[in-house]
Each structure stands twice: as structure tokens, then as C-alpha cells.
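Predicted model, so just to flag it, every value in this text is computed and none were measured. We count ligands from 1, going down the list as the structure has it; atoms in each ligand are counted the same way. We use all heavy atoms of the structure for the numbers below, so side chains are in, but hydrogens, waters and symmetry mates are not.
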Amino acid sequence: MSRRDLILSELGLTPLWVRPELLAEPEAVAEPEIAARIAPVADDAPPPPVRREAPVIVVPHTQPERAPSAPAPTAAPVRPAAPPPRGNGGPSVHATIAPLAEADSSRARDIAAMDWATLQQAVTGCTACGLCKTRTHAVFGVGNPQAELLVVGEAPGAEEDRQGEPFVGAAGKLLDNMLAAIGEKRGERVFIANVLKCRPPGNRNPQPEEVLQCAPLLARQIELIRPRLIFAIGRFAIQTLLQTDAPVGALRGKLHQVNDIPVVVGYHPAYLLRNLPDKARAWRDLLLVQQRLQALTAASRD
Ligand code: URA
């Protein structure tokens, strides 16, 4: 199977539906043209929940560092600062992680000092919000604690709640295929986490208080993993991480930052299951992830 056909099949597209030149280069053809050339396919995936506007993320303000007691066998070399974002004419968001509100500062301080194992225990036993009463499992995340790429989604769904692992349902299969299309794999150079660690009942919208309580946990994961790149998928994760109300479409195709970590945004796979034409755009986002990851890796070797 050619690389192109492999990519298409990984993305769930039939090769005949797309002209080869449309996939040769992400910039080669205007998005509407790509979208128009992909035929719709049947899709029985349930629509993703509609989420409210993202509340402001409130996470501890500490410098990224490698946890000495993280379970990784060797200490990672200090990574150089990310190269400046590629200029593409549009504004990019550089979010600053804000300090926690006074009332929560002692919990935040505790979390900000946790090593990986302690953080895992803290998530597993968390009772900071009401979601602990309805969850089956708190979902810490899955993958390499020293991942190069951190994928951040929204919140566990029913299957994730049952299994205790993020993205294991239909959307998760598509996410795995998307990662495979750029040569990445869950558990290898990738860690997958969510903004919320517990499932909102009935997949309802996360409440601001839930995000407030969960945010320090995600912030500490980011600090400990210290990925080269974050891939924020779906409106909720994107707007929460970047602290913006801007629509996903306005944020795509640019390099953003959360503190010093570059962030690429993309569509949520559950959305893509319902919106086939956007798979072509999703492919552009994935190529941006791949390009930036390669550039950042190469820069770290210089
Ligand atoms: N959607 C998410 O955002 N996260 C999951 O873990 C599963 C579905």
C-alpha cells in the first residue's frame, strides 16, 4: 500500500475519493476545495456533547521542570527554548498560566510539588469536585510520562470512565489512526490526557468549578512531562488551555503557546466522525504537528 493510501486509510478515507495532489502538501489546495472533493461516508458515531464556553483555566504558576522522582529511567536533557512560531500572517495565542485563586492555593501548592506517582494517586483518589461521586474511574491519562507530544482532550466519556483510559471509544480509535498517520503511537512518544479527569454525567458540559479543581492536575502533568509540543483537540480543550473564546477555525494552522510550550490545535475526533469534510483540514493540523515536532526535535540536537 502506498504511503498516501496508508494515510488515507488511517484517516478512514477511501483513496479514490481524494486526488493525490490534494494530500501532497497541506498548503497545495484551498480547504474548501479539499472539502468539496471528499465524499461523505456513513457514520454511526454519536454526536459529541455540546460544551459551554470554556471557563478560564486556573493552574499553578511554576517553571516547567523534570520531576526527579518521575518513573522515567533516566533524567531527560534540558530542552532548549522552542523556536519562534512560524509566521503565517495570523495572530497566535500565547497563554500565560495564571496563579490559583487564594482559596485554593494550598491544594495548588501541594499539586505543584507532586512527582508523577503522587500525582497519579492524587487523580485516582480525587474528591475535589462532585464528579467523584458519579465516576467509575478517574482517568489520569495514558502514555509515556516523558512524551514528546502531549495530546489534550476534553473529558472522559462513558467508555473511558469504564476503562480508566482516555480516548478508548470510537473517537479514540480515530485519534489513534490520526496519530499513526504522522508516525506516532499512543504510549510511545505520546501522552494522552484530558482537561477533566472524571466524566461529567451524561457527558454534560464541564462546570467552571470542575475545571478549576482539575486544572492544577493538568498543569502539573504538563510540567512533569514537559512535552515538546501540545496538540489540543476540540473546542473545550483548546479554549481552556489557551484561555480564549476564539473559534477553533481562527486558531487552527498557527503555533500557540502555553507558557513556553508550543501548542497546535485541531478538531476533536468525535467531531470529525460526524464531519467528514473537516478530515482534510484535520490532516493539515496533523501535518503541522508533525512538522513542528520534527523541527523541535532537530533544534534540540543542535
Ligand atoms: N473525548 C475526550 O475528549 N476525551 C476522552 O478521553 C474521550 C473522548
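Listed by atom number, the atoms of ligand 1 under 4.0 Å from Pro166 heavy atoms are 6 (O). In the vicinity of Gly153, heavy-atom distances shorter than 4.0 Å reach the ligand 1 atoms 3 (O).
Evaluation of the side-chain hydrogen bond (donor to acceptor under 3.5 Å, both in side chains) test over residues 187-199, restricted to residues two or more places apart or in two chains, returns Glu184-Arg189, Lys197-Gln221, Arg199-Asn203.
Counting protein heavy atoms only, atom 1 (N) of ligand 1 is closest to His268 NE2, 3.2 Å. Protein heavy atom in closest approach to atom 5 (C) of ligand 1: Ala155 O, 3.4 Å. The protein heavy-atom contact nearest to atom 4 (N) of ligand 1 is Asn194 OD1, 2.8 Å.
Using a 4.0 angstrom heavy-atom cutoff, Ala270 does not count as in contact with ligand 1. Contact annotation: Glu159 has no heavy atom less than 4.0 Å from any atom of ligand 1.
Taking distance alone, with nitrogen or oxygen atoms compared against 3.5 Å, Pro156 stays at or beyond that limit from ligand 1.
Between Ile233 and Pro269, some side-chain heavy-atom pair lies under the 4.5 Å cut-off. Inter-residue side-chain proximity for Leu175 and Asn177 is flagged as unmet; no heavy-atom pair is nearer than 4.5 Å.
Aromatic ring orientation, His268 versus Phe167: tilted (interplanar angle from 30° to 60°).
For Phe140 and Trp116, the gap between ring centers is short of 6.0 Å.
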